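Since the model is a prediction, treat every value here as computed from it, not as a measurement. Start at 1 and go down the list; that is how both ligands and their atoms are numbered. Values below: every heavy atom of this structure, side chains too, minus hydrogens, waters and symmetry copies.
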Amino acid sequence: MSKRLSTTSSSPDRSKALFRRVPSIERILSRPALHSLANTFGRQAVTDATRTLCAELKRAVTEGLTEEELEERIRALDEAVGEKLREEIRASLRPAINATGIIVHTNLGRAPLSDRAVDAISEIARGYTNLELDLETGKRGSRHQHASHLLSRLFPGKSALVVNNAAAAIMLSLNTFAAGKEVIISRGELVEIGGSFRVPDILERSGARLREVGTTNKTRIADYEQVIGTETGVLLRVHPSNFRIVGFTESASTEELAELGRERGLTVIEDFGSGNLLSLAPFSLPHEPTVAESLASGVHISIFSGDKLLGGPQAGILVGDHAAIETCRKNPMARALRIDKLTYAALEATLLSFVEGKATREIPVLRMLSAPQSEIRERSERFIASLGDTGQLELAIEATTSRIGGGAAVDAEIATYAISIVDPSTPAQKIVTALRAHRPPVIARIRDGRVLIDLRTVAEQDEPSLRTAIAAL
Ligand SMILES: *Cc1c(COP(=O)(O)O)cnc(C)c1O
């Protein structure tokens, strides 16, 4: 047992006596190890870190730190100052383990990339590239050529343009076709999509004026027809990707809208959000319209994200009629919203998986989406067995659901199994916080007082880290 100077751990006399053992800041700073830290981090940073650690030491003393513990920590101060300084400059963007079962989790960076996409990034990142060089002529080329050939493969007869994200694509297309004019949109589609991205706000920033038609639950094609006038620039359809109005509803079909637009010489744009290139039906999920279906309905431009169901990097993809896409490309705003070579590298690799028909095997989002419930159960059982003795932690397996998330296929719930963790003496909230404090952080969810770990969204190579995090509880 540790010896204490006084029986009451927080007695002021005891604290005072121990405070005197803490060396002065000057003394600590004169240690050789701190000199060398000052060369790396600067004298001021070293002084500040030392002060903070000394203040922490004194606080620990008042909270009952023993004499031996104090001596030990004073000896280890050099090490602690170095650790603190390195911690302060650590990258703030770090890998995390997503145990929530939400596949496209916006707060966790949406789609994890395929190995192919990661390899492509590292290959392109390391050196120079032909980003804007035409290798045949040796003259300046356009970066917009990249990825376009693959998108045209996937959508024959269509042209494509890639910008920073879907919000940028909406902004660009509306600015191109409706600046100073009206955009007609159904009231039922004026949605807010995560991170306070509100369709009406984007609409206005593009320089277009909003013209709402219909009611929240009902908008007929005649409603659009009625308000079309000389001021109209665009008919916009926004896919309700993160909510659904159910019950007494009616909306004009995309075909009707496209036909009306073409008749009246107006550009028809569909904001798709999720960007699923494949039908979800084979995964036993409710049917979500695919990009090909959107284009087949006759809209001029279809817009979708690169990092939702497509499973690639953050990007906003516009696919559509050649003339409409070309007009967008020539808008100077396209320059401000352009993407970087690393994004092209990852996007081309991702699209290639689709072109070659290997998407469900190679793209993590689609692999997670299609993993059968039985497979998740087996993995969970193996995982629990591999943990061995977990003390008072009670681990079990329970049936629950995973979700696609990220504003894609709202209703879709995928049957799964989760590992539940209960510690009779610790509230679930505390366990979740401890898991999040682990390195790498583990993000889990709570259901009815139990912490749930859904292995559907945990990569196999992350299982050892997850094991360490749970063992540390
Ligand atoms: C997610 C989503 C967006 C925004 O996409 P970003 O790529 O994040 O900009 C826009 N519209 C819809 C319908 C969406 O689901």
(request) State whether Glu463 and Arg382 are salt-bridged, where the test is any N-O pair (Lys NZ or Arg NE/NH1/NH2 against Asp/Glu carboxylate O) under 4.0 Å. (result) no

Of Ile317, Ile303, Asp307, Asp271, the one whose closest heavy atom lies nearest atom 10 (C) of ligand 1 is Asp271

If you compare His239, Arg237, Lys308 by their heavy atoms, the one closest to atom 14 (C) of ligand 1 turns out to be Lys308

_Nitrogen or oxygen of Phe272 less than 3.5 angstrom from that of ligand 1_ = no

*Using atom types as modelled and distance alone, determine if a side-chain donor or acceptor of Thr457 lies under 3.5 Å from a backbone N or O of Asn98.*
yes

Exceeds 12 heavy-atom contacts within 6.0 angstrom, atom CZ of Arg335: no

One finds that the ligand 1 atoms under 4.0 Å from a non-hydrogen atom of Ala167 are 6 (P), 9 (O)

- Item | Expected output: side-chain Arg237 to main-chain Ala252 donor-acceptor under 3.5 Å | yes

| In this structure, are over 12 heavy atoms from other groups packed under 6.0 Å from Glu132 atom CD? | yes

Do any heavy atoms of Glu189 fall under 4.0 Å from ligand 1?
no

Exercise. Give yes if a backbone or side-chain nitrogen or oxygen of Val238 is under 3.5 Å from a nitrogen or oxygen of ligand 1, and no if not.
Key: no

Closer than 3.5 angstrom, by distance alone: can the side chain of His300 be matched with the main-chain N or O of Val268 as a donor-acceptor pair?
yes

For Ser305, the ligand 1 atoms with a heavy-atom partner under 4.0 Å come out as 5 (O), 6 (P), 7 (O)

